[in-house]
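As the structure is a prediction and not an experimental result, all values here were calculated from the model.
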Amino acid sequence: MFRSKLIYLVITLIFFVLLAYLGIRTLEHEVLLRQNQMQNLAKAQTASVVTVIKNHLQQRASRLHAISDFINPDDAATLRAFKENDDSIVDVFTLRKHQLIYPDERAPLTNEEKEWVRKLTPLVNDPSQLASHMASSEQNVPQAGWFITQETQEPLLIYWRQKGDAIVGFRLSYVQLMMDTANSVQVSHEATRLIVQVTENGRQLYLNDQTALTQQTLLDSVTLDYPLTTWKVNVYGVKAPLNHIWIWGGVLLVLLLAAVALIGFSLWREYTRNARQARQQVDFVSQVSHELKTPLTNITLYAELLREGLDDEQERELRYVNVITQESQRLSRLIQNILTFTRSPKLHVQQVDIARLITDIVHIFTPALQAKGMKMHITCAQNLVLHSDSDVLTQIISNFLSNAEKYAAQGKRIDIAVCLVRENVEIAVRDYGPGIPEQELKMIFRPFYRVKSSITEGVSGTGIGLTIASQLAQRLQGRILVTTEQPGMCFTLVLPQG
């Protein structure tokens with residue numbers, strides 16, 4: 001009993017620890033899920049704003065690329081007129097073989113043009129700077145792109161294109177680009193619950209909500225690609241407090257553990273109660289059986305003495321005495337069954353003639369079966385010898401016949417068949433009664449279990465006969481098989497011949 005309690009306690013603790021671990025892991029997963037949802041929302045918003053800025057810059061590049069298709073690099077008048085008529089373009093230049101074609105340094109220049117030429121001097125000396133930020137090779141030379149330098153007070157932003165042996169470049173207003181970009185980025189704070197900020201070299205260009213950023217948490221930050229490498233998109237938000245998940249989740253977990261503990265305790269009480277009741281039943285039956293052995297022995301003894309004192313002519317009295325003797329012997333076997341249930345019997349293995357054993361058992365049961373109008377049909381191979389315990393075999397087979405007598409009398413027939421099957425001796429007892437329901441076949445070997453039906457009502461029995469038979473069969477290295485027949489049941493004792 002102590003061992004059972006210890007095993008139950010260990011299993012319960014393991015289950016509790018596992019359940020608590022799974023509960024905590026579930027809460028952690030829920031918290032991380034909430035955090036990831038907010039983080040993913042911030043990343044999606046950042047990507048959306050970055051895409052808007054890139055598209056705005058790409059639109060300008062596409063427009064300037066299309067304009068350059070209609071420009072002659074050597075036509076200074078057209079370049080000057082284009083510059084003056086397009087507000088988005090600050091300056092224009094054309095460059096061929098390290099020499100400015102426009103503005104032409106050899107012609108008279110205004111102060112503004114001279115300043116423009118001065119700024120272009122590094123590119124004139126080294127035009128490769130225009131494509132230095134691009135991945136290029138001798139087989140793949142860039143033909144157009146953006147160029148920016150931060151060396152001047154206002155960043156110099158240029159879109160250039162290779163046209164034949166000349167390079168045409170357009171300088172855009174960096175300030176105008178920042179203003180147009182800020183106007184193109186429109187994010188609703190009410191819809192996203194996020195604050196989006198766009199900065200250029202630390203200067204704020206766009207903010208969708210004027211809430212103090214000190215009260216917000218930076219959820220995501222992205223630096224734009226060239227040429228806007230000084231631009232950053234920051235997304236802020238208020239991280240929702242997740243303590244309530246831990247609090248309510250912990251409460252539910254504690255309630256769940258308490259419920260499981262209550263169920264476990266109830267199951268343990270029910271198990272121990274059933275075990276105590278079974279032990280009390282066994283103890284009671286054992287005590288009663290011991291008390292019955294003494295008067296039963298006296299009854300048998302005096303019946304034998306009475307039979308010896310009778311003459312052969314007193315047939316009626318002899319018949320009565322024989323009945324008393326047979327029934328007392330039967331009662332002795334029943335008591336022995338009960339005592340066997342409470343302790344393991346010792347085996348007395350010897351050579352057993354199966355045919356003779358079956359004949360002796362049938363002779364004992366014949367008067368009781370005839371009284372109920374039942375007949376027995378025996379099929380047994382001759383000269384079949386089994387190395388076993390004859391008393392134990394008698395007890396098992398007698399249990400089969402006793403059950404058939406009590407519960408299958410209406411079938412009026414019992415078949416006993418003994419045969420050798422693959423080095424196993426099979427002793428089958430079949431009745432022709434109402435049978436046993438299929439759902440109860442697995443329970444008939446349980447101690448004190450009796451099938452509940454109209455057949456068993458009013459029939460005495462302890463409910464341990466088949467339990468004892470099964471235990472005895474296992475001690476003989478055998479087993480009992482139960483099969484449903486049409487009609488009736490068949491109980492088969494399978495034993496190894498060796």
Side-chain angles (χ1 to χ4, degrees), residues 296 299-300 303 307 315-338 352-382 384 390-419 425-436 444 450-451 453-470 472-473 480-493:
L296 182 60
I299 293 173
T300 305
R307 183 168 56 183
E315 295 181 358
R316 183 178 179 183
E317 288 79 0
L318 283 173
R319 187 169 65 253
Y320 291 164
V321 170
N322 287 334
V323 171
I324 295 173
T325 303
Q326 290 174 357
E327 290 301 316
S328 63
Q329 290 174 349
R330 184 178 176 187
L331 185 57
S332 295
R333 291 195 300 271
L334 177 59
I335 293 175
Q336 187 61 38
N337 286 345
I338 297 173
V352 180
D353 186 340
I354 298 300
R356 183 174 179 178
L357 179 69
I358 296 297
T359 301
D360 293 342
I361 297 174
V362 169
H363 179 73
I364 295 172
F365 277 86
T366 297
L369 295 175
Q370 288 179 349
K372 294 186 177 182
M374 301 180 70
K375 296 181 179 180
M376 280 194 289
H377 297 266
I378 303 172
T379 304
C380 181
Q382 297 298 320
L384 184 59
S390 60
D391 291 338
V392 172
L393 290 176
T394 301
Q395 192 168 346
I396 297 174
I397 300 171
S398 297
N399 178 264
F400 294 167
L401 292 174
S402 177
N403 288 338
E405 173 200 345
K406 289 189 291 186
Y407 306 119
Q410 64 187 54
K412 301 299 181 180
R413 175 175 174 173
I414 298 176
D415 293 341
I416 302 177
V418 182
C419 58
V425 176
E426 295 187 358
I427 304 174
V429 176
R430 179 197 169 178
D431 62 63
Y432 290 80
I436 300 174
I444 59 177
R450 299 188 68 199
V451 177
S453 68
S454 59
I455 303 300
T456 59
E457 290 181 0
V459 180
S460 61
T462 61
I464 62 174
L466 285 176
T467 305
I468 296 173
S470 178
L472 293 175
I480 295 177
L481 303 179
V482 184
T483 55
T484 302
E485 303 291 342
Q486 296 297 331
M489 301 296 297
C490 182
F491 288 81
T492 304
L493 174 62

Reported [atom1]-to-[atom2] distance for the pair [X] and [Y], which is rounded to 0.5 angstrom:
X: Leu369; Y: Ile364; atom1: CG; atom2: CD1; result: 11.5 Å
X: Met374; Y: Ile414; atom1: CE; atom2: CD1; result: 3.5 Å
X: Ile427; Y: Ile396; atom1: CD1; atom2: CD1; result: 8.5 Å
X: Ile358; Y: Leu384; atom1: CD1; atom2: CG; result: 10.0 Å
X: Arg356; Y: Ile354; atom1: CZ; atom2: CD1; result: 12.5 Å
X: Ile480; Y: Asn399; atom1: CD1; atom2: CG; result: 7.5 Å

Could you walk me through whether Ile378 and Thr359 pass the side chain to side chain contact (heavy atoms under 4.5 Å, CB included) check?
-> CA-CA 9 Å; Ile378 303 172; Thr359 301; 5.9 Å; no
Whether Thr394 side chain and Ser390 backbone form a donor-acceptor pair below 3.5 Å | yes
Side-chain donor/acceptor of Lys412 to backbone N/O of Lys372, under 3.5 Å = yes
Is it the case that more than 12 heavy atoms not belonging to His377 sit under 6.0 Å from its NE2 atom?
-> yes
Mind checking whether [X] and [Y] have side chains closer than 4.5 Å, heavy atoms only?
X: Asn403; Y: Met489; answer: no
X: Asp431; Y: Glu485; answer: no
X: Pro434; Y: Tyr407; answer: no
X: Asp415; Y: Thr379; answer: no
X: Phe400; Y: Ile361; answer: no

Minimum heavy-atom distance Ala355-Cys380, with the two atoms named = CA-SG, 3.6 Å
Those residues at least two apart in sequence (or on a different chain) that pass side-chain contact (heavy atoms from CB on, under 4.5 Å) with Pro487 are Arg430, Tyr432
